[in-house]
Amino acid sequence: MTTVTYQGEPGSNSATAARALYPGSAELPCTSFEQALEAVTLGNADVAVIPVDNSAAGRVADVHHLLPESGLFITAEYFLAIRFDLMGVPGATLDQVECVRSHVHALGQCRKLLREGGWRTLVSDDTAGAAREVAELGDPRHAALAPPAAAGLHGLEVLRAGVEDDPDNTTRFVVLSRDAAPAPDTGEPTMTSLFFSVRNIPSALYKTLGGFATSGVNLTKIESYQMGAGLNASRFYVEIEGHPDDERVALALHELRFFSSEVRILGVYPAHPHRLKG
């Protein structure tokens, strides 16, 4: 049986994504992203399901800080529609609510409701954890913003359903594994994730990216960051549409390597159908 790990508690959005990807699998909830990745690295779990981007709140996990030293690879992506309910203890009413608990990203994705209620907020480590905290308190003055599954899991009542600001609120998750397992080049839409460091020469970044432009390869993400302190050269995390075996992508990667001191492919995986919408 596959063991899947994630950051958060049962009933969280990460748990929902993990179950959608690996139904019937064993679950290993962790308190942090680092612990989830370590569980895979040490062999305590087969895969980790990690949220990396949210359409409303932006970056969730710093994948470029988590991956370089972990030795793990991206093998799949998954887009999950995010729904939040405001929930309280049985018998509680909206008029009684004084404080709302949730993860910082969930609070940021439900600002309209919070402004309307005028409630004070408390940040929890996890959305499902906020629901558990409210259940443990047993106080009608406390409510939680959490995924719908958390209400039944913790015996809470939904005070208002679907309170997210954006009805198209979506989080992108990636699956991380010890094995690279690159997807074969079948002609189907494929994503490639990679790191690179530019050489210390003028216009290095411009030249590294030029190959993608001239080859007509679409970059869907590029993020810069530095490892450690000091004046080390910046490193870049990039996601592109295409397979490394495709001629256009191969030409772009050849030019990238010529002007880079390091290039590391972190994953080649099928593009999720969500990308084809719109």
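Everything quoted here is computed from the prediction, not taken from an experiment. Scope of the values below: all heavy atoms of this structure, side chains included, with no hydrogens, waters or symmetry mates.
Residues Val123 and Thr121 are not in side-chain contact: their nearest non-hydrogen atoms beyond the backbone lie 4.5 Å or more apart. Side chains of Thr220 and Asn218 form a contact here, defined as non-hydrogen atoms less than 4.5 Å apart. In this structure, the side chains of Gln109 and Asp166 stay at 4.5 Å or more apart for every pair of heavy atoms. With a 4.5 Å cut-off on side-chain heavy atoms, Glu262 and Arg235 count as touching. In this structure the side chain of Val268 reaches within 4.5 angstrom of the side chain of His243, judged on heavy atoms. Residues Ser197 and Phe236 have side chains not in contact (no heavy-atom distance under 4.5 Å, counting atoms from C-beta outward). Side-chain contact between Leu94 and Leu86 is present, with heavy atoms from C-beta onward closer than 4.5 Å. The shortest side-chain heavy-atom distance between Asn13 and Leu80 falls under the 4.5 Å cut-off.
The closest donor-acceptor contact from the side chain of Asp246 to the backbone of Arg248 lies under 3.5 Å. Under a 3.5 Å cut-off, the side chain of Arg141 and the backbone N or O of Cys99 do not form any donor-acceptor pair. Between the side chain of Asp85 and the main chain of Pro147, no donor-acceptor pair closer than 3.5 Å is present. Under a 3.5 Å cut-off, the side chain of Glu157 and the backbone N or O of Gly91 do form a donor-acceptor pair. At least one donor-acceptor pair closer than 3.5 Å links the side chain of Arg199 to the backbone N or O of Phe258.
Of the inter-residue distances, the one linking Thr127 atom OG1 with Leu145 atom CG reads 9.5 Å to the nearest 0.5 angstrom. Within the model, atoms CD of Gln7 and OG of Ser12 stand 7.0 Å from one another, a figure rounded to the nearest 0.5 Å. In this structure, OG in Ser260 is found 12.0 Å from NZ in Lys207, a value given to the nearest 0.5 Å. Between the OH atom of Tyr269 and the OG atom of Ser193 there is a distance of 3.0 Å, given to the nearest 0.5 Å. Going from atom CD of Glu255 over to atom OG of Ser215 covers 7.0 Å, rounded to the nearest 0.5 Å. Separation of atoms CD1 (Ile240) and OG1 (Thr192) is listed at 4.5 Å; rounding is to 0.5 Å.
Connection of Ile82 to Val52 is not established within any shared hydrophobic cluster, with ILVMFWY side chains joined at heavy-atom distances below 4.5 Å, either directly or through further cluster members. No continuous path of ILVMFWY side-chain contacts below 4.5 Å connects Leu266 to Val47, so the two sit in separate hydrophobic clusters. Put simply, Phe173 and Phe33 are part of two different groups of oily side chains (I, L, V, M, F, W, Y) that touch within less than 4.5 Å, one to the next. Under the 4.5 Å side-chain contact rule for hydrophobic residues, Leu114 and Leu122 do not share a cluster. Under a hydrophobic-cluster definition in which Ile, Leu, Val, Met, Phe, Trp and Tyr are linked whenever side-chain heavy atoms come within less than 4.5 Å, directly or via other members, Trp119 and Leu107 are assigned to the same cluster.
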Using salt bridge (charged side-chain N to carboxylate O under 4.0 Å, His left out), reason through Lys112 and Glu116 one step at a time and then give a plain yes or no. CA-CA 6 Å; Lys112 293 178 183 177; Glu116 177 186 323; over 6 Å; no

How far apart are the C-alpha atoms of Glu77 and Arg275, what are their side-chain angles, what is the distance that settles it, and do they pass the salt bridge (charged side-chain N to carboxylate O under 4.0 Å, His left out) test? CA-CA 10 Å; Glu77 66 175 359; Arg275 291 186 179 275; 2.7 Å; yes

Verdict with reasoning, Arg101 to Val134, per side-chain contact (heavy atoms from CB on, under 4.5 Å): CA-CA 8 Å; Arg101 297 168 176 260; Val134 168; 4.0 Å; yes

Derivation of the side-chain contact (heavy atoms from CB on, under 4.5 Å) call for Leu219 and Leu209: CA-CA 9 Å; Leu219 274 71; Leu209 299 179; 4.0 Å; yes

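Shown here for Cys30 and Thr5, the closest heavy-atom pair between the two residues is SG-OG1, 3.2 Å. Minimum heavy-atom separation, Ala250 to Pro244: CB-O, 3.5 Å. Taking every heavy atom of both residues into account, Pro140 and Ala92 meet most closely at CB-CB, 3.8 Å.
No donor-acceptor contact under 3.5 angstrom links the side chains of Asn169 and Glu164, judged on distance only.
For residues 75-114, the ring-ring contact (aromatic ring centres under 6.0 Å, His included) pairs, not counting sequence neighbours, are Tyr78-His272, Phe79-His272, Phe79-His274, His103-His105.
The neighbour count for Arg111 CZ, taken as heavy atoms of other residues, nucleotides or ligands under 6.0 Å away, does not exceed 12.
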